[in-house]
2 protein chains.
Amino acid sequence: MTSRSSLLQAEAPSRPTGSPGRRQPHAGCEGCLTRSLAVCAALPPADTVELEAAAGELRVQAGATLAREGAVRRDVYTITRGMLRRVRLLPDGRRLVAGFLMAGDFIGFSGASHYRHTFEAITDCTLCVFALQDMQQLCRRHPELEAGMLRQACAELDATRSSLMTLARLTPVERLAGFLLDMAMRQQRLGASADRVDLPMTRNDIADHLGLTIETVSRSFTRLKQDGMIEFDAPRLITLLQPARLRALAGSPA
Amino acid sequence: MTSRSSLLQAEAPSRPTGSPGRRQPHAGCEGCLTRSLAVCAALPPADTVELEAAAGELRVQAGATLAREGAVRRDVYTITRGMLRRVRLLPDGRRLVAGFLMAGDFIGFSGASHYRHTFEAITDCTLCVFALQDMQQLCRRHPELEAGMLRQACAELDATRSSLMTLARLTPVERLAGFLLDMAMRQQRLGASADRVDLPMTRNDIADHLGLTIETVSRSFTRLKQDGMIEFDAPRLITLLQPARLRALAGSPA
DNA sequence: CGATCCGTTGACGACTATCAAGAAGTGTGG
DNA sequence: CCACACTTCTTGATAGTCGTCAACGGATCG
């Protein structure tokens, strides 16, 4: 009985490509767990009424696709529960997982008219939906919101640029160490313990995220375990025994 | 006598680490060649007076460092002439060139209080300098400017995410093909011909940008030449003979 | 003219991808 | 409840690609 984190709920039997789910009226920002993390935080509490009016709630089953690469980009999203992957494919099937998205993350920082990635739910997810147009109008009326979006877009840019170093110059073990630290940090922000990492995604997802094969990912896990830096509570639930050594491996900035 | 492009002027005898140059009063936005490209374009012509008041002009010699990783981030820049590289180093000397910056590009989309990269001039450069504070105030007074910054930050995010695919999943030849197309496209926006690419940076810079070694970069160049896709006018001046085939190699999006 | 830097090419070896098999966990149906 | 299919993850053997080491040619500069 491996009790996975309550933040990232357990993966349901994955239907290959389920429907993205229905849009429902929004329940209200007040009780929202991610209120303080998300883009919405830029708006003073008094103005959340407007946000709520524009927002819809969307639930997506594990395994289902939220939005497909190439489709017209009509909506933007804030994730309130669960985890998704940002995927891009090459014609010959090579795959990149450009990132994992969790509660508080925003989908919609793009200048493109069409989605440039496919977004697939790894666990059951709940999201706040906004029509792109509505969000743009909200931004026009509330410069603080736009400023907040700019700040968060810059933060994401910083993070993405760090990934460049990972992919360009780090060894497999170093990449994995950095990945584990990154996931731990983000989950900690959501209230999890600092040294426990929950990995709802498959080894394949991790491989395609780190530019490796699943075998190399697996061997790198084994190496970190043998060296006493991590411990497996389950294949997808890991304890970081020596975060400092992991940080040293990953090149500190992580 | 290799007459390099007039857009990216020839590399001067590189002083190892010259001084970043002096800040001068600004010459005015009216005649600025990059006016239509840069962040500033978001501001209506009537308001450029304010921009000019806040801006300074800065010249940086080839080989000199504009800003150092870890230093306090006091200024932001728009490049009006020349080319710089965005560099990050690992403790053991491994290097990443996170990007090449040219006329119209903006340095300053970051949420960090300190520079996260070192910026080094590849050719002699001219830049518009703004104190970070001034720019933030300008944004507060002119929401259009902030909206423009957000748009451009998103565009840069899109571009950076594309680099992830390059580094994670493309072969050396594919990476180089994509790189050449990217440089050609950006130089075309500045008025150069579509099939001529000027590469002021060294093979080492290219290697550290593509996550390869200089030998592999060199061999990949040779391969593209042997296959008839490119032609060398000089080691750093290349003609794209078959852009379509290059695009196919790079995975089209480029 | 020698020194230095840059780029190319060749020989070799290491590391990671590939191929293959097996172990472990999960859900389904009898 | 158990057998079976299926997926995921791990481990081993092998091969290929790219990194490393080395040498050379060309350009630039003092």
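Chain letters run A, B, ... following the sequence lines, proteins first, then strands; residues in each count from 1. This is a predicted model, so every value here is computed, not measured.
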Side chain to side chain, A:P172 and A:L210, heavy atoms closer than 4.5 Å:
no
Ranking C:dT16, C:dC6, D:dC18 by distance to the side chain of B:T202, first place goes to C:dC6
In whole angstroms, the gap separating P of C:dG7 from CG of B:L199 amounts to 10 Å
I'd like to check B:M102 versus B:I79 (side-chain heavy atoms, cut-off strictly below 4.5 Å). Are they in contact? no
When rounded to whole Å, the CZ to C1' distance for the pair A:R94 and C:dT18 reads 15 Å
Can you see whether B:D233 engages B:T239 through a side-chain donor-acceptor pair at a distance of less than 3.5 angstrom?
yes
* Tell me whether the OP1 or OP2 atom of D:dC9 has a side-chain N or O from A:R236 closer than 4.0 Å. => yes
| said: For C:dA17 and A:T216 - does any side-chain N or O of the residue sit under 4.0 Å from the phosphate oxygens OP1/OP2? | reply: yes
A:N204 CG to D:dT10 P, in whole Å, measures 12 Å
Rounded to whole Å, CG of B:L212 lies from P of D:dT20 at a distance of 11 Å
Determine whether A:R81 and A:E57 satisfy the following criterion, salt bridge (Lys or Arg N to Asp or Glu O under 4.0 Å), listing intermediate values before the conclusion. CA-CA 11 Å; A:R81 193 180 54 98; A:E57 185 177 88; over 6 Å; no
Rounded to whole Å, CD1 of B:I214 lies from C1' of C:dC6 at a distance of 8 Å
**Report entry** Heavy atoms of other groups near A:R223 CZ, more than 12 under 6.0 Å
**Finding:** no
is_close_aromatic(A:F232, A:F221), centroid dist under 6.0 Å: yes
Taking only the side-chain nitrogens and oxygens of A:R219, find out if one of them lies under 4.0 Å from OP1 or OP2 of D:dT10. no
When rounded to whole Å, the CZ to C1' distance for the pair A:R203 and C:dG25 reads 13 Å
Separation of D:dC9 atom P from A:E215 atom CD, nearest Å, is 12 Å
Here the distance between atom C1' of D:dT20 and atom CZ of A:R169, to the nearest Å, is 13 Å
- Task: Answer whether the closest heavy-atom distance between the side chains of B:R88 and B:R116 falls below 4.5 Å.
- Result: yes
Per-helix bend value, the helix from C:dC1-D:dG30 to C:dG30-D:dC1, C1' rotation axes over five pairs per end, 10° rounding, shows 30°
* Just by distance, with hydrogens left out, do B:T171 and B:E174 show a side-chain donor and acceptor under 3.5 Å apart? -> yes
Is it true that the side chains of B:T216 and B:T213 contain a donor and an acceptor less than 3.5 Å apart?
yes
What residues 220-232 of chain A contributes to the DNA chain D interface at heavy-atom separation below 4.0 Å is A:T222, A:F232
